[in-house]
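Presented below is the structure to which this report refers.
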2 protein chains.
Amino acid sequence: MSLTLADAIERYILAQLDAAGEIALQRVELARQYGCAPSQINYVLATRFTPERGFLTESRRGGGGYIRVRRAAQPELGRIVAVLRSSPDGIAQAPAHALIARCREAGLLSAREAFMLQALTRREAIGLPLPLRDMVRARCLGAALLALSDER
Amino acid sequence: MSLTLADAIERYILAQLDAAGEIALQRVELARQYGCAPSQINYVLATRFTPERGFLTESRRGGGGYIRVRRAAQPELGRIVAVLRSSPDGIAQAPAHALIARCREAGLLSAREAFMLQALTRREAIGLPLPLRDMVRARCLGAALLALSDER
DNA sequence: TATAATAAGGTCAGGGAAAGTCAGAAAGCC
DNA sequence: GGCTTTCTGACTTTCCCTGACCTTATTATA
């Protein structure tokens, strides 16, 4: 049993998501509802509503601030991003281009998108010495794919 | 969700722009309409209708004063790539995103492509210290746009 | 024709309202 | 007892909005 606060908040958000497809929540308000610190909401989002689990979050601070949560249009991309992020040495050019090609074939990328990504992940485009270059390639490619998992 | 005053005014101006192509508004009058301080109008213009986002504003004080807002002229790929290549310090994030936004406006990039490029030219995506970061951003962005101008 | 009054818009510091971050405490789980 | 997960509080950053004061242009007046 042992339902933690985090679990409860997760369920609440999931229920809202299923009901509405996309939700905008107020951090303080939700925290007040559950009688916890506002940062607890961040914890739940950071551990459960990650890109690799197929979720996207965006937020705005200041007056009228909010946190928006929704399901990624292409959750597969989120998992690819997770792999890219978890490899500590980055990714070399050949495997990166292969990855892009596979995404293209799977219909996750358009021809133009794939073409652009391959161009900008070339050695000469990045133009850095080697330990660094592969790291930057991985980070940039990850950021790009993550953005696309949203489909706009 | 949770429309702020600034958001509402932004929408109003955008609607006027779409209807008329170019508009001349009266600061006090608009402020009165929304029941806010006149300087709020400046805030909206300064944060949302910037050259970065492809807008131009000009104004005149004194009797018969006004604020005119219009969309900036459209850029062209070849020239942009040339500029990117020739700038020795690279390009910072804000102007890069402005550039991308304007390419989008001009129909040179799809919404997805623009979104992707903005994501991967963000500071955190590149993740390098500063002299280097701007250089890498310029090279990658240049390579991506060049690829597009070649493709057809 | 100077000068004063009036009618605009511009600037900036600062307060308040959110959300983000992160180290470390507390609680569970082998 | 060690390891992982949960949770909090203090501090930071970002965004919105206003009010007081400044600059510029036009119009009325001496």
Side-chain angles (χ1 to χ4, degrees), chain A residues 1-14 16 22-53 55-70 85-86 143 146, chain B residues 1-14 16 22-53 55-70 92-94 97 118 122-125 127:
Chain A
M1 199 44 219
S2 137
L3 198 47
T4 68
L5 220 197
D7 292 332
I9 296 175
E10 178 187 15
R11 287 191 185 184
Y12 172 81
I13 295 178
L14 279 176
Q16 298 284 308
E22 161 175 337
I23 57 169
L25 47 90
Q26 219 90 23
R27 195 180 71 149
V28 253
E29 178 51 29
L30 189 51
R32 204 192 47 72
Q33 239 180 86
Y34 282 90
C36 65
S39 52
Q40 174 70 1
I41 308 301
N42 296 88
Y43 175 73
V44 174
L45 293 173
T47 55
R48 281 130 163 109
F49 293 87
T50 63
E52 64 182 289
R53 295 192 184 196
F55 295 96
L56 295 169
T57 68
E58 64 188 307
S59 65
R60 215 162 95 180
R61 308 186 185 190
Y66 58 81
I67 302 177
R68 193 174 307 160
V69 185
R70 56 188 191 283
R85 286 196 177 155
S86 67
L146 182 59
Chain B
M1 181 69 224
S2 130
L3 250 278
T4 66
L5 221 196
D7 293 331
I9 297 174
E10 177 188 16
R11 286 193 187 186
Y12 172 80
I13 296 178
L14 278 177
Q16 298 285 308
E22 163 174 336
I23 57 169
L25 46 89
Q26 220 88 25
R27 194 180 71 150
V28 244
E29 178 49 30
L30 190 51
R32 203 193 47 70
Q33 233 180 92
Y34 282 91
C36 66
S39 53
Q40 175 70 1
I41 307 301
N42 296 87
Y43 174 73
V44 173
L45 293 173
T47 55
R48 282 132 162 105
F49 293 88
T50 64
E52 292 197 357
R53 298 193 180 196
F55 296 97
L56 295 174
T57 67
E58 60 188 309
S59 65
R60 232 175 87 178
R61 310 184 184 190
Y66 57 83
I67 302 177
R68 193 176 307 159
V69 186
R70 59 187 212 274
Q93 174 172 316
H97 284 195
Q118 291 193 332
R122 291 228 315 279
R123 281 180 264 288
E124 315 84 52

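Lettering of chains follows the sequences in order, A, B, ..., and the numbering in each one begins at 1.
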What does [X] touch in the nucleic acid at a heavy-atom separation under 4.0 angstrom: a base, only the sugar-phosphate, or nothing?
X	result
Ile67(B)	sugar-phosphate
Gly62(B)	base
Gly65(A)	sugar-phosphate

To the nearest Å, give me how far apart [atom1] ([X]) and [atom2] ([N]) are.
X	N	atom1	atom2	result
Arg27(A)	dA18(C)	CZ	P	11 Å
Leu30(B)	dG10(C)	CG	P	12 Å
Glu58(A)	dG20(C)	CD	C1'	15 Å
Gln40(B)	dG16(C)	CD	P	17 Å
Asn42(A)	dA10(D)	CG	P	17 Å
Arg60(A)	dC16(D)	CZ	C1'	9 Å
Ile41(A)	dT6(D)	CD1	P	14 Å
Gln26(B)	dG10(C)	CD	P	11 Å

Using a cut-off of less than 4.0 Å, is there contact between a side-chain N or O of [X] and OP1 or OP2 of [N]?
X	N	answer
Arg48(A)	dT5(D)	no
Ser59(A)	dA18(C)	no
Tyr43(B)	dC16(D)	yes
Ser39(B)	dC17(D)	no

Out of curiosity, Arg48(A) CZ to Tyr43(A) OH, how far, rounded to the nearest 0.5 Å?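 OH of Tyr43(A) is found 5.5 Å from CZ of Arg48(A).
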
Is there side-chain contact between [X] and [Y], with at least one heavy-atom pair below 4.5 Å?
X	Y	value
Ile23(A)	Ile67(A)	no
Leu56(A)	Leu146(A)	yes
Tyr12(A)	Leu25(A)	no

Taking only Lys NZ, Arg NE, NH1 and NH2, and the carboxylate oxygens of Asp or Glu, determine whether Glu52(A) and Arg85(A) approach each other closer than 4.0 Å.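 Salt bridge flag = no for Arg85(A) with Glu52(A).
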
Checking contacts here: which listed nucleotide ([options]) is nearest the side-chain heavy atoms of [X]?
X	options	answer
Val28(A)	dG9(C), dC17(D), dA19(C)	dA19(C)
Ala6(A)	dC7(D), dC17(D), dT21(C)	dC7(D)
Arg61(A)	dT11(C), dC7(D), dT14(D)	dT14(D)

